[in-house]
Protein chains: 2
Amino acid sequence: MAKDVQRRRDLIAATVREIGETGTLNVTVGQIARRAGVSPGLAFHYFGDKEALFLASMRSILRDYGRGVAAALRAAGRDPRARLAAIVRASFADNQFEGGAVAAWLNFYVLAQTSEEARRLLTLYHRRLHSNLAHDLRPLVGARTDAVAARLAGQIDGTYLRFALNRRVVDAEPAADQVLATLAEALGDGTA
Amino acid sequence: MAKDVQRRRDLIAATVREIGETGTLNVTVGQIARRAGVSPGLAFHYFGDKEALFLASMRSILRDYGRGVAAALRAAGRDPRARLAAIVRASFADNQFEGGAVAAWLNFYVLAQTSEEARRLLTLYHRRLHSNLAHDLRPLVGARTDAVAARLAGQIDGTYLRFALNRRVVDAEPAADQVLATLAEALGDGTA
DNA sequence: GTGACTATTGATTGACGGGTCAATTAATCC
DNA sequence: GGATTAATTGACCCGTCAATCAATAGTCAC
């Protein structure tokens, strides 16, 4: 692979890990560079400034998530219920929790308070999640599609917040089940 | 009122507003002090250090929320359904969105990544919300109480995240309705 | 009024971190 | 294997900020 591409990747990975471990955006470029095994100056050479590095890390995480969902959907076939379950399961897949990704995720919401681009990226993620859910909800719940999709999406994000708070206490498996339970009820699958 | 008490209040209010407006914990003591109409040194006189000021602000916000819920419950009487609705409505009451409280809320999750006390406070909030919900869910859904309570709580927090992202786009009224819709379904109120 | 104590100020300190840049090293080409 | 270009370093500059502290203003008891 081209050296510069690899360098960028290393720096982005180091950024995510550093944010993840410290739980903060208060991370120095020096720390990130050291973790990537590189001098501080190089980070500026490749990304221009610190915010650009943060944004690149954000895009990377969102892309990973998007890929995870896409793969899960491909594996799920055509049945709407199976596809919905696949989206939820992919949202809580193990790799979403590696390398401090959750804490990074949380901090990206903070970044979005000051960075228009960060806000745009998160809004895009929201839209995609909503539209993914809506696509397979529509044949099942018709007019209630948007409302149900919003509810599921909200619950997924809320669960992530809990993860951010109790790094170890919450477990991915039951978290997914919990969202699926909401889905089952919305579909009227006789749990009431 | 005693002068020192008033000063503390002013400084705490200024802290919340400053965090709320900038959307970040990257707020200088100088900014906070200026907003409170006071010199920087005084903030240290009353709170010792910056983190203590942050924690005091956090306690203040959580206390306000707690009071809002308690008042709503008192007004709601004894009917479990009415009480549950009251909790949800209180969670999205207007005063929860004043003075940058939502952005502050979000940043407290970030603070909890590095401050044990902040984590403790947020965990306490989670527990109280859960137990409030569970208390009135139990007569309605029995064994499913904890699961349903967790779902509702997760959805409330998730909705707050949306608020944090789109300060104006999301509206409190429909947000509350959305959570109440989840509740209605969990109660089997024939929406499916 | 005087003295003793507290509240308050704001200048100052010292550490820290983003970003720059001249110098060095590595890679590439002819 | 020299010449040219690109990658990389790390010391340095400059602004910022938490925290301190000496000095002043205010308050109250007597």
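Reckoned from all heavy atoms, side chains included, excluding hydrogens, waters and symmetry mates. What you see is a predicted model; the values in this text were computed from it and never measured.
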Could you list who else is in A/Val29's hydrophobic cluster, with ILVMFWY side chains joined at under 4.5 Å, directly or through other members?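 Members alongside A/Val29: A/Phe44.
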salt_bridge(B/Glu18, B/Arg34) N-O dist < 4.0 Å: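 Judged by the 4.0 Å cut-off on N to carboxylate O distance, B/Glu18 and B/Arg34 do not form a salt bridge.
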Salt bridge B/Arg35-B/Glu21, side-chain N to carboxylate O under 4.0 Å: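 Yes, this pair counts.
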If you walk 5' to 3' along DNA chain C, what is the first nucleotide with an atom under 4.0 Å of a heavy atom in chain B, and what is the last?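 Listing 5' to 3', DNA chain C meets chain B from C/dA7 to C/dG10.
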Residues touching DNA chain D, which here means a heavy atom under 4.0 Å, drawn from residues 49-57 of chain A: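 Nothing qualifies; none.
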In residues 110-119 of chain B, what residues come within less than 4.0 Å of DNA chain D, judged by heavy atoms?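 Residues of residues 110-119 of chain B that come under 4.0 Å of DNA chain D do not exist, since none gets that close.
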side-chain contact (heavy atoms from CB on, under 4.5 Å) against A/Ala76, all qualifying residues, sequence neighbours excluded: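 Scan of A/Ala76 (side-chain contact (heavy atoms from CB on, under 4.5 Å), adjacent residues dropped) gives A/Arg83, A/Ala86.
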Which side-chain N or O atoms in residues 56-68 of chain B pair as donor and acceptor under 3.5 Å with protein atoms at least two apart or in another chain?
from    : atom 1 : to       : atom 2 : distance (Å)
B/Ser57 : OG     : B/Leu53  : O      : 2.8
B/Arg59 : NH2    : B/Glu117 : OE2    : 3.2
B/Tyr65 : OH     : B/Ser91  : OG     : 2.8

Applying the ring pair (Phe, Tyr, Trp, His ring centres under 6.0 Å) test to B/Tyr125, which of B/Tyr109, B/Phe108, B/Trp105 qualifies?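 Of the listed options, the one satisfying the test is B/Trp105.
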Output side-chain donor-acceptor pairs under 3.5 Å for residues 96-103 of chain A, partner residues at least two apart or in another chain, one line each.
none

Indicate whether any N or O donor in one side chain lies under 3.5 Å from an N or O acceptor in the other, for [X] and [Y].
X: A/Glu51; Y: A/Ser115; result: yes
X: B/Asn166; Y: A/His126; result: no
X: A/Tyr160; Y: B/Asp157; result: no

Quick one: list whatever passes salt bridge (charged side-chain N to carboxylate O under 4.0 Å, His left out) with A/Arg81, sequence neighbours left out.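 Here the qualifying residues are A/Asp189.
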What residues form a salt bridge (charged side-chain N to carboxylate O under 4.0 Å, His left out) with B/Asp177, not counting sequence neighbours?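 Per chain and number, B/Asp177 pairs via salt bridge (charged side-chain N to carboxylate O under 4.0 Å, His left out) with B/Arg89.
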Go through A/Val27 and A/Thr15 one step at a time and tell me if the side-chain contact (heavy atoms from CB on, under 4.5 Å) criterion holds. CA-CA 8 Å; A/Val27 159; A/Thr15 304; over 6 Å; no
Test B/Leu152 against B/Leu137 for side-chain contact (heavy atoms from CB on, under 4.5 Å), laying out the working first. CA-CA 11 Å; B/Leu152 290 176; B/Leu137 278 170; 4.2 Å; yes
Near DNA chain C, under 4.0 Å by heavy atom, which residues of residues 40-48 of chain B?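 Output list: B/Gly41, B/Leu42, B/His45, B/Tyr46.
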For DNA chain C, which residues in residues 24-39 of chain B have a heavy atom at a distance below 4.0 Å?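 Contacts with DNA chain C under 4.0 Å: B/Val38, B/Ser39.
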Quick one, A/Glu185 with A/Arg151, criterion salt bridge (charged side-chain N to carboxylate O under 4.0 Å, His left out). Give me CA distance, side-chain angles, the key distance, then yes/no. CA-CA 12 Å; A/Glu185 275 178 8; A/Arg151 244 180 287 161; over 6 Å; no
Write down the protein N/O and nucleotide N/O pairs, taken from nucleotides 25-28 of chain D, whose separation is under 3.5 Å; answer none if there are no such pairs.
none

What are the two closest heavy atoms between B/Thr182 and B/Gln155, and how far apart are they?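 Where B/Thr182 meets B/Gln155 most closely, the heavy atoms are OG1-OE1, 2.6 Å.
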Flag the pair B/Leu73 / B/Val69 as yes when at least one side-chain heavy-atom distance between them is below 4.5 Å, and no otherwise.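 The answer is yes, as the side chains (C-beta and beyond) meet within the 4.5 Å cut-off.
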